[in-house]
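These values consider heavy atoms only, across backbone and side chains, with no hydrogens, waters or symmetry-generated copies. In each ligand, atom 1 is the first atom listed, and ligand 1 is the first ligand listed. All figures in this text were calculated on a predicted structure; none of them were measured in a lab.
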Amino acid sequence: MYFSTGVMLMINFAEVSKNFGPLIAVDAFSCRVDKGEIFGLVGPDGAGKTTILRLLVNLLDPDTGTITIDDVPTHRFPRSKLGYMPQKFSLYGDLTISENINFFASLYRLDKLTIQQRSQEMLSLTGLSGFENRLADNLSGGMKQKLALSSALMTRPELMILDEPTYGVDPESRKEFWQILYRLNQEGITIVISTPYMDEAELCHRVALVNTGQLLQCDTPSALKQIFAGQVVEVGANTSDPYFFDDCRQVIDSSYYYLRFHLWTERHPELFQLLKEYAFNKDGPDLEIKYISPSMEDVFAFLVEPRLGPDRFNAQ
Ligand SMILES: Nc1ncnc2c1ncn2[C@@H]1O[C@H](COP(=O)(O)OP(=O)(O)O)[C@@H](O)[C@H]1O
Ligand SMILES: [Mg+2]
């Protein structure tokens, strides 16, 4: 099914809701994922990411709404075309890397020769070649994630779904993991990945920002940044008072990092001048001010916190 943009739809969530007793874990969630995308589901712990992905891989049924993959309901999408790396996956600690992969592949009834060829390919892709005989128990967090990914890739899925694969993994391994994802994506695999890390949102082609089971916004990282209606500035100031800007009329929010502030301000042509006058009138230090573009963290906080929402700026 081609759209006028020439982009092919892969996944469609339409008003999907899921409750656990009185708790609304997913609340009328709608969005689409196109073929060939790296699509991020980004939000804090408890936002509903894992539940959304479990619904997507048909481990859970929605209470209301529908999810289709390639235009068919999720339960009719061939299991072998779908790779899934759950948030808490099981590896057999007393089996080696090779044995874990072989075991996983045998569940899909792949024949021995195919398993042998593909496991070589996956180990080389994920940088685990040379470690085939190491016990899973003796792997670092990052290597465990790579092994889980290698296993999930053995069926050569068209769609790879990864639930918080970099959670708690060190920054260097996180970077390596993303490099692998880009390689997979270049081979044509559509990737849906969830993460609580806002900086990882920037690495996705498109992002759904979720909070309390609801979709806040879904767009490209650069388009999401356009939503931020204020201005972010970084200010160097020789003061140890973290509340220095609290009475400044133009400042909506301020965070202090030793001698440096991250400010949300209203947009104003004389902004720098006004901030400097404020500091001067307070007998404060000289300010070194520069504009910075909002981070995804800024955008998320802006969308979540009504006090700081667009109305706050419009009211000025
Ligand atoms: N099986 C379950 N039973 C009851 N509550 C659940 C269950 N799974 C998730 N939840 C709750 O649903 C909400 C969303 O959880 P989850 O989807 O795991 O969020 P995330 O992955 O973004 O951290 C949380 O409040 C969580 O406690
Ligand atoms: Mg989760």
What about Ala25: any of its N or O atoms under 3.5 Å from an N or O on ligand 1?
no

Would you say Lys49 and ligand 1 have an N/O pair spaced under 3.5 Å apart?
yes

Are a donor atom and an acceptor atom from the side chains of [X] and [Y] found within less than 3.5 Å of each other?
| X | Y | value |
| --- | --- | --- |
| Thr190 | Glu37 | no |
| Asp63 | Ser17 | no |
| Thr195 | Glu200 | yes |

Within 4.0 Å of some non-hydrogen atom of Ala47, the atoms of ligand 1 are 19 (O), 20 (P), 22 (O)

Find all atoms of ligand 1 within a distance of less than 4.0 Å from any non-hydrogen atom belonging to Asp45, and give their numbers and elements.
23 (O)

Pair Arg249-Glu266, salt bridge (charged side-chain N to carboxylate O under 4.0 Å, His left out): steps then yes or no:
CA-CA 9 Å; Arg249 207 189 82 80; Glu266 59 180 287; 3.6 Å; yes

Judged by non-hydrogen atoms, does Pro44 sit under 4.0 Å from ligand 1?
yes

contact_flag Gly43 ligand 1 heavy-atom lt 4.0 Å
no

Take a 6.0 Å sphere around CG of Asp111 and say whether it holds more than 12 heavy atoms from other residues, nucleotides or ligands.
yes

Donor-acceptor pair, Ser30 side chain versus Ala14 backbone, under 3.5 Å?
no

Any protein heavy atom at under 4.0 Å, with atom 20 (P) of ligand 1 as the reference point?
yes

Where's the contact between Asp163 and ligand 1, heavy-atom distance under 4.0 Å: side chain, backbone, both or neither?
neither

Quick one: list whatever passes side chain to side chain contact (heavy atoms under 4.5 Å, CB included) with Glu270, sequence neighbours left out.
His268, Gln273, Leu274

With sequence neighbours excluded, tell me which residues meet side chain to side chain donor-acceptor pair (under 3.5 Å) with Asp298.
His262, Trp264, Ser295

Just to verify, what does Tyr278 make a side chain to side chain donor-acceptor pair (under 3.5 Å) with, not counting sequence neighbours?
Lys282

What are the protein N/O/S atoms, named by residue and atom, that sit under 2.8 Å from the Mg ion (ligand 2)?
Thr50 OG1, Gln87 OE1, Glu164 OE2

